[in-house]
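One structure is given below, encoded as structure tokens.
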Number of protein chains: 2
Amino acid sequence: MPGKTDLSELNCSLARSLDIVGDWWTLLIVRDAFLGVRRFGDFQRSLGIAKNILATRLDQLCADGILARGGTDKRPLYRLTDKGSGFLPAMVALMQWGDRWASGNKPPVIVTDAQGRPVKPVRLQGVRGDLDAQAIRFSPGPGATARTRAFFDETSSKSRVE
Amino acid sequence: MPGKTDLSELNCSLARSLDIVGDWWTLLIVRDAFLGVRRFGDFQRSLGIAKNILATRLDQLCADGILARGGTDKRPLYRLTDKGSGFLPAMVALMQWGDRWASGNKPPVIVTDAQGRPVKPVRLQGVRGDLDAQAIRFSPGPGATARTRAFFDETSSKSRVE
DNA sequence: CTGTATCCTTAAAGATACTG
DNA sequence: CAGTATCTTTAAGGATACAG
């Protein structure tokens, strides 16, 4: 993977997320953190990840403010920050998509509320209710670059022709 | 990246999702597809990706049933299938997380309904309303392996002690 | 237990040239 | 326009040994 693409250049919210949390191990570590894993060794055994890899990921996750170190210096605890906890909807949406579309088997993990009642499938909601892919639109936002605006102009003009 | 970790082994819904859609280019291609991009060349220019890389990703996305080829053989169109469209909640949740936590700038892309009304932040919903990270629980599902069950036993017993 | 420090290996990105 | 075919490079994973 030479010269790993600099996604931050792409001026895209998705790319910015992926830049932080968009590799396999990182996401899986976050998942484990949601499941209650706190210790270095527990992450390691749970994931079967090499120790040096885990160490760099944990460092990065702390640097990015997704995990915070607690406990003692010799025996740290890693726990989710608010930023990390805020990732829950995205993570569950990802899991649900996998359950729905990428699995012959039944889900290995069930997400419920504290009383064991099911969590509903994550949906997009507008002011008048649920929205699906046909019901939504994308448009250049306040942070859009000229390039992004040009992209939207071009894309929408094309869709008119097709 | 020698011997790219086989996530499917992990028996995790998240891992299964990541196995399919969990690399940078793939996600970004899917994003572009949601934005209305349909042509090989448009993907290429939009993403600045090498043609050989794009070709393999597009092939894989078709093989995985996320995109489907239309148009002519000489001039294919790539459009989202239902499986691909079903990824929308996850993608928007990822974008929203990036907007909220990984961005000093304002979002470059705004998601709205067809009337231009805003899409609400994606939230987890239980039977009684919104749920946050403290309000949810994970438990072994019907597809859980013995290993997964053991993991849950151990994790929950530890959290009692801490 | 929680890491560091090395070394090795290789999958995969990128560039480029070529084809129908 | 939409790829295929090579070739080269290199970032990053894995293993292992060692340290506080």
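Letters A, B, ... are given to chains in the order of the sequence lines, protein chains preceding strands, and every chain is numbered from 1.
Atom pair B:Leu61:CG and D:dG3:C1' shows a separation of 16 Å (rounding to whole Å applied). Taking atom CG on A:Leu47 and atom C1' on D:dG14, their separation rounds to 15 Å, with Å as the unit. Put simply, CG on A:Asn52 is 10 Å from C1' on D:dT16, counting in whole angstrom units. Separating the CG atom of B:Asp73 from the P atom of D:dT4 is a distance of 12 Å, rounded to the nearest angstrom. If you take CD1 of B:Ile53 and C1' of C:dA13, they are 5 Å apart, rounded to a whole angstrom. One atom, CZ of B:Arg69, and another, P of D:dA2, lie 12 Å apart when rounded to the nearest Å. Between the CG atom of B:Leu58 and the P atom of D:dG3 there is a distance of 7 Å, given to the nearest Å. Taking atom CH2 on B:Trp24 and atom C1' on C:dA13, their separation rounds to 11 Å, with Å as the unit.
Of the two residues near DNA chain D, A:Ile49 and B:Lys51, the one whose nearest nucleotide lies more 5' is B:Lys51. For the pair A:Ala55 and B:Asp23, nearest-nucleotide mapping onto DNA chain C gives the more 5' position to A:Ala55. In terms of position along DNA chain C, the nucleotide closest to A:Phe40 lies nearer the 5' end than the nucleotide closest to the other residue of the pair A:Phe40 and B:Ala50.
Of the listed nucleotides (D:dC1, C:dT2, D:dT6), C:dT2 has the atom at the smallest distance from the side chain of A:Arg39. Picking from D:dA2, C:dG3, C:dA15 the nucleotide with the shortest atom distance to the side chain of A:Pro76 gives C:dG3.
Residue A:Tyr78 is in sugar-phosphate contact alone, with no base atom involved, counting any heavy-atom pair closer than 4.0 Å across all strands shown.
Under a 4.0 Å N-O distance rule, the pair A:Arg57/A:Asp64 does not qualify as a salt bridge. Salt bridge status for B:Arg39 with B:Asp32: absent, with no side-chain N to carboxylate O gap under 4.0 Å.
Using a 4.5 Å cut-off between side-chain heavy atoms of Ile, Leu, Val, Met, Phe, Trp and Tyr, with links allowed through other members, A:Leu47 and A:Tyr78 fall into the same hydrophobic cluster.
Judged by distance alone, the side chain of B:Arg100 and the main-chain N or O of A:Lys83 form no donor-acceptor pair under 3.5 Å.
Side chain to side chain, A:Thr26 and A:Asp23 meet the donor-acceptor criterion of an N or O pair below 3.5 Å.
Contact annotation: B:Trp25 side-chain N/O to C:dG14 OP1/OP2 distance is under 4.0 Å. Taking 4.0 angstrom as the limit, A:Arg57 places a side-chain polar atom (N or O) nearer than this to OP1 or OP2 of D:dG13.
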